[in-house]
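Comments concern the structure below.
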2 protein chains.
Amino acid sequence: MVRRTPKRLDYEKELRRQGVRITRQRSVILAILSETEDHPDALEIFRRASAEDPSISLSTVYRTMKLLGDMGAIHRHAFEGGPSRFEHAGGEHHDHLIDIETGDVIEFKSERIEQLQDEIAKALGYDIVHHRLELYGRKRRAG
Amino acid sequence: MVRRTPKRLDYEKELRRQGVRITRQRSVILAILSETEDHPDALEIFRRASAEDPSISLSTVYRTMKLLGDMGAIHRHAFEGGPSRFEHAGGEHHDHLIDIETGDVIEFKSERIEQLQDEIAKALGYDIVHHRLELYGRKRRAG
DNA sequence: GTCCAGTTGACAGCCAGTTGCAAAACAAAG
DNA sequence: CTTTGTTTTGCAACTGGCTGTCAACTGGAC
């Protein structure tokens, strides 16, 4: 059962409920985030937002990403050798496989790995607050 | 069977063999790296190097870390929310648990997780080139 | 010792991201 | 719809971590 991306208005309603002002700029950015399935960086979000409202500044994009991140509405991923990339939160937890040739990101999930991580941390006397698991790979050529 | 940290001269000999000039500065930095068991960042290495030779510049530390990284003599880790931290290569592969309160780094290894990662990548049609697994946690208070 | 490509320190430049500030805009109250 | 007070914005300046430039210096082959 696939969870569908929340719509723009769901985001806005939820943020308003938390006392966040919905400005024209934030609305545009939220729309972009809720409609995409990829993992754009701040500059890419800025480009897409600019197409819709040329007056939006890159600062505002950065500030909005920070705000949304702090509120838990989006996740920020600092993959190797590039700027942070974002995705809307709300789906299930997952990790990432990054295509080192194209930069494409594939999401995956392994209950078993999560479980092993917990066991390892426990054995070392720690509670995991969060983790980062990224696989960097190259598409296997058939043949 | 624990592999012992290679000594400074081992490093130097190996680098010389690969055609790298061993300067006074590099020698000092290599000594620091081969004698530490922690994961210092460039500034910390600079501080330790300065104590031994005040004329060493931070630029040289950065350049040397890049050089040694490219040669495979050290590993660079970009943990969350901080500068890159380094460790000498030469031990077995391992992953890291980072204490989010102290910044301490604990190394661990899980054959099983590595294996699961390979399986996941394979299932997605990829060959893993490298990966990053970091657990961020807090020491469990005995209660 | 001589020589010169490789290396250095100083410092400018770069990149992703943050911040200070005056002007503009949201939204609550009237 | 207007007023009001706080938030947010665009802009430009700034930051931190790191890389590039360049004249002076130096390791190490001869």
Side-chain angles (χ1 to χ4, degrees), chain A residues 9 11-30 32 39-47 49-71 73-86 103, chain B residues 8-9 11-32 39-47 49-71 73-86 103:
Chain A
L9 292 182
Y11 269 108
E12 296 193 1
K13 200 161 69 181
E14 171 60 15
L15 289 171
R16 224 181 230 107
R17 209 187 53 72
Q18 299 193 43
V20 173
R21 245 184 228 190
I22 302 303
T23 62
R24 181 170 39 84
Q25 294 86 335
R26 287 179 182 170
S27 190
V28 170
I29 292 171
L30 283 168
I32 289 166
H39 298 68
D41 60 24
L43 203 55
E44 176 59 24
I45 292 169
F46 170 65
R47 273 191 286 261
S50 294
E52 201 146 324
D53 176 350
S55 81
I56 285 182
S57 74
L58 183 53
S59 301
T60 294
V61 173
Y62 278 119
R63 276 190 287 234
T64 303
M65 300 327 282
K66 193 171 200 300
L67 174 76
L68 297 178
D70 291 348
M71 311 216 55
I74 60 170
H75 291 309
R76 168 193 301 255
H77 302 292
F79 298 135
E80 281 185 4
S84 291
R85 298 170 64 170
F86 304 90
Chain B
R8 167 188 198 162
L9 292 182
Y11 269 107
E12 296 193 1
K13 198 161 72 179
E14 173 58 17
L15 288 170
R16 224 180 231 111
R17 209 185 54 72
Q18 298 192 42
V20 173
R21 237 182 236 191
I22 303 302
T23 61
R24 182 172 38 84
Q25 294 87 334
R26 287 179 183 171
S27 190
V28 169
I29 292 171
L30 284 168
I32 289 165
H39 298 67
D41 60 24
L43 203 55
E44 175 59 24
I45 292 168
F46 171 64
R47 273 191 286 262
S50 294
E52 201 147 327
D53 176 350
S55 79
I56 284 182
S57 74
L58 183 53
S59 302
T60 294
V61 172
Y62 278 117
R63 278 190 290 235
T64 303
M65 299 328 281
K66 192 172 201 296
L67 174 76
L68 296 178
D70 290 347
M71 311 218 56
I74 60 170
H75 292 309
R76 167 192 303 254
H77 303 292
F79 298 136
E80 281 185 4
S84 291
R85 299 171 63 171
F86 304 90

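The sequence lines fix the lettering, A, B, ..., with proteins before strands; numbering per chain opens at 1.
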Going by heavy atoms closer than 4.0 Å, what residues in residues 57-70 of chain A are next to DNA chain C?
S59(A), Y62(A), R63(A), K66(A)

Please name all residues satisfying side chain to side chain contact (heavy atoms under 4.5 Å, CB included) with [X], sequence neighbours left out, ordered by chain then number.
| X | value |
| --- | --- |
| R63(B) | S59(B), T60(B) |
| S55(A) | R24(A), D53(A) |
| A51(A) | none |
| F79(B) | H77(B), R85(B), H96(B), I98(B), V105(B), E134(B), Y136(B) |

Is the shortest heavy-atom distance from the side chain of I45(B) to the side chain of T64(B) under 4.5 Å?
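Result no, sub-4.5 Å side-chain heavy-atom pair not found.
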
Is there side-chain contact between L30(A) and L68(A), with heavy atoms separated by less than 4.5 Å?
yes

Between [N] ([atom2]) and [X] ([atom1]): distance, integer Å:
| X | N | atom1 | atom2 | result |
| --- | --- | --- | --- | --- |
| R26(B) | dT7(C) | CZ | P | 4 Å |
| L43(A) | dC14(C) | CG | C1' | 15 Å |
| F79(A) | dA16(C) | CZ | C1' | 17 Å |
| D53(B) | dT8(C) | CG | C1' | 11 Å |
| F46(A) | dC15(C) | CZ | C1' | 16 Å |
| R24(A) | dA23(C) | CZ | C1' | 14 Å |

All N/O contacts under 3.5 Å from nucleotides 27-30 of chain C to the protein, with atom names and distances to one decimal?
unit_1  : atom_1 : unit_2 : atom_2 : d
dA27(C) : OP1    : I22(A) : N      : 3.1

Salt bridge (Lys or Arg N to Asp or Glu O under 4.0 Å) against R47(A), all qualifying residues, sequence neighbours excluded:
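With sequence neighbours excluded, R47(A) shows a salt bridge (Lys or Arg N to Asp or Glu O under 4.0 Å) to E44(A), given in chain and number order.
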
What is the distance from atom CD1 of I32(B) to atom CD1 of I56(B), rounded to the nearest 0.5 Å?
6.5 Å

Can you tell me how far the CG atom of L67(A) sits from the CZ atom of R26(A), to the nearest 0.5 Å?
5.0 Å

Of all residues at least two apart in sequence or in a different chain, which pass the ring pair (Phe, Tyr, Trp, His ring centres under 6.0 Å) check with F46(A)?
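Ring pair (Phe, Tyr, Trp, His ring centres under 6.0 Å) list for F46(A), sorted by chain: empty.
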
Shoot me the first and last contacting nucleotide of DNA chain D against chain A, ordered 5' to 3', at under 4.0 angstrom to non-hydrogen atoms.
dG5(D) to dA12(D)

Considering every strand and a 4.0 Å limit on heavy-atom distances, what is the contact class for I56(A): base, sugar-phosphate, or nothing?
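I56(A): backbone/sugar contact only, no base atoms under 4.0 Å.
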
Reference residue E14(B); test side chain to side chain contact (heavy atoms under 4.5 Å, CB included); the match among Q18(B), R16(B), E12(B)
Q18(B)

